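See structure below.
The first residue of the sequence shown is numbered 1, and numbering continues consecutively from there. All values below come from the heavy atoms of this structure, side chains included, with hydrogens, waters and symmetry mates left out. These figures come from a predicted structure and were not determined experimentally.
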Amino acid sequence: MKNRPFLARISNWIVFTVLTVIVLALIISSNILINNLRNKEAERIKVFATAIKIMQGNQQTSSETQELVFAILTENDQIPTILTDENKKPFIFEGSSRNIPQEILENPEELRKLIVKMESNYAPFEIEIAKGDKQLVFYDNSKLLSDLRYYPYFLGLFIIAYLAFIFWFLRTIKKTDEGYLWAGLAKETAHQIGTPLSSMIGWMEIMKLETPDSDGVKEIEKDIERLRTISERFSKIGSVPELNDMNLNATIKENFDYLKTRISRKVDFSLNLPNYPILVPHNKILISWVIENLVKNAVDAMKGQGQLQIWMIGKNKNILIEVKDNGSGMTHNQARNAFKPGYSTKKRGWGLGLSLAKRVVQEYHNGDIKISQTEIGKGTTFRISIRK
């Protein structure tokens, strides 16, 4: 099984951790800032309550003090406040409330609810006046502070959404680069196979002239034709193939007949097709490649012996093709990564077969391919779904 280098995985976790710490730090610092603003507003209300106490006192004050008290009272143009007696009954005289909508002041029930709400947020300031009487100053957050209360959460969501977009963008670029890489590799492979293949075809023609009825010559000719098909498969990767073939039954049957003679005889290989034509536009060469990949993976998983079945059925608007084996099965992690480029559970192999199969089914045939069932020691079922 091939994995990314340890240091690469560590560096990814470091980046993730740093970004997470930054988001958390911004949220925490924003909360600290808001708490500081709350404390500042509480201090302002304390000064405001002291000014009310001085204003209602009977002691003689200088004109400068009176001007200062008046400035303190009128300076509060943001924080909602209301003055009540010690029984929480609000005063209605001018200046007893600040920054409270008139419609609430004129509605006793709404005003009572507002006082209850204020008390649930902040304890009122108590003012002792003449003759032992007391008054209470209720207050609440200013509009600015109320709006800022949700700011850390919006900021956190925005940062998370931005990071998700960056992740998606970089992932898209990576997939595009991988697509160009696999396409280039496939076309180069087709080119490299083409040169010796042309020579082999020439030598085959000479051998047919010398021993035209030889069984060996006929089998070699079949394998050369197979090499020609493989070369054509690779040449089609990276370009948009034509979906000219229609009878999917014939494609699957032909592929089954070829594979059956070339896998271990200890594998009980069976095919179940509908008894009516399945007409689906497809590319015969590429679909055969997908089936061949799945069959070879199944044979490897069974270590050359076991039961292998191919089923094809029509379901609603889709055609389902299932390749089922009773081999070693997969773990959840293996099944989740099976279609990723470069991932392989084999000691030998590039991990490209299932990745290319997925590309053929999804991008070229607008279908889907997945592992519909797998269990360790009991086998695996791959399912291909193509719209009719």
According to the interplanar angle, ranging from 0 to 90°, do the rings of H282 and H365 count as parallel (below 30°), tilted (30 to 60°) or perpendicular (above 60°)? tilted

Would a distance-only check, ignoring hydrogens and angles, find a side-chain to backbone donor-acceptor pair under 3.5 Å from [X] to [Y]?
X	Y	result
K134	E126	no
N293	L354	no
N107	E103	no
N121	D140	no

Do D300 and K296 meet the salt-bridge criterion of a basic N to acidic O distance under 4.0 Å? no

So which of N244, N255, I252, T251 actually passes side-chain contact (heavy atoms from CB on, under 4.5 Å) with K284? T251

Which one of K324, M330, M302 satisfies the side-chain contact (heavy atoms from CB on, under 4.5 Å) criterion with T380? M330

Can you see whether Y122 engages N141 through a side-chain donor-acceptor pair at a distance of less than 3.5 angstrom? yes

For residues Q362 and D368, is any side-chain donor paired with an opposing acceptor at under 3.5 Å? yes

Quick one, L320 with R383, criterion side chain to side chain contact (heavy atoms under 4.5 Å, CB included). Give me CA distance, side-chain angles, the key distance, then yes/no. CA-CA 7 Å; L320 303 182; R383 176 178 293 172; 4.2 Å; yes

Are [X] and [Y] in one and the same hydrophobic cluster, where Ile, Leu, Val, Met, Phe, Trp and Tyr link if side-chain heavy atoms are under 4.5 Å apart?
X	Y	value
W311	V299	no
L243	L356	no
L273	Y276	yes

In chain order, what residues pass the salt bridge (Lys or Arg N to Asp or Glu O under 4.0 Å) check against K88, with sequence neighbours excluded? E119

What do the steps show when you test Q373 against E375 for side chain to side chain contact (heavy atoms under 4.5 Å, CB included), and what is the final call? CA-CA 7 Å; Q373 186 275 331; E375 187 175 349; 3.9 Å; yes

If you round to the nearest 0.5 Å, how far is CD1 of I384 from CD1 of I287? 6.5 Å

CD1 on I115 to NZ on K89, rounded to 0.5 Å: 11.5 Å

Quick check on K388: does its NZ atom have over 12 non-hydrogen neighbours (other residues, nucleotides or ligands) under 6.0 Å away? yes

From CA spacing to verdict: side chain to side chain contact (heavy atoms under 4.5 Å, CB included), M118, Y139: CA-CA 6 Å; M118 287 179 167; Y139 69 100; 5.6 Å; no

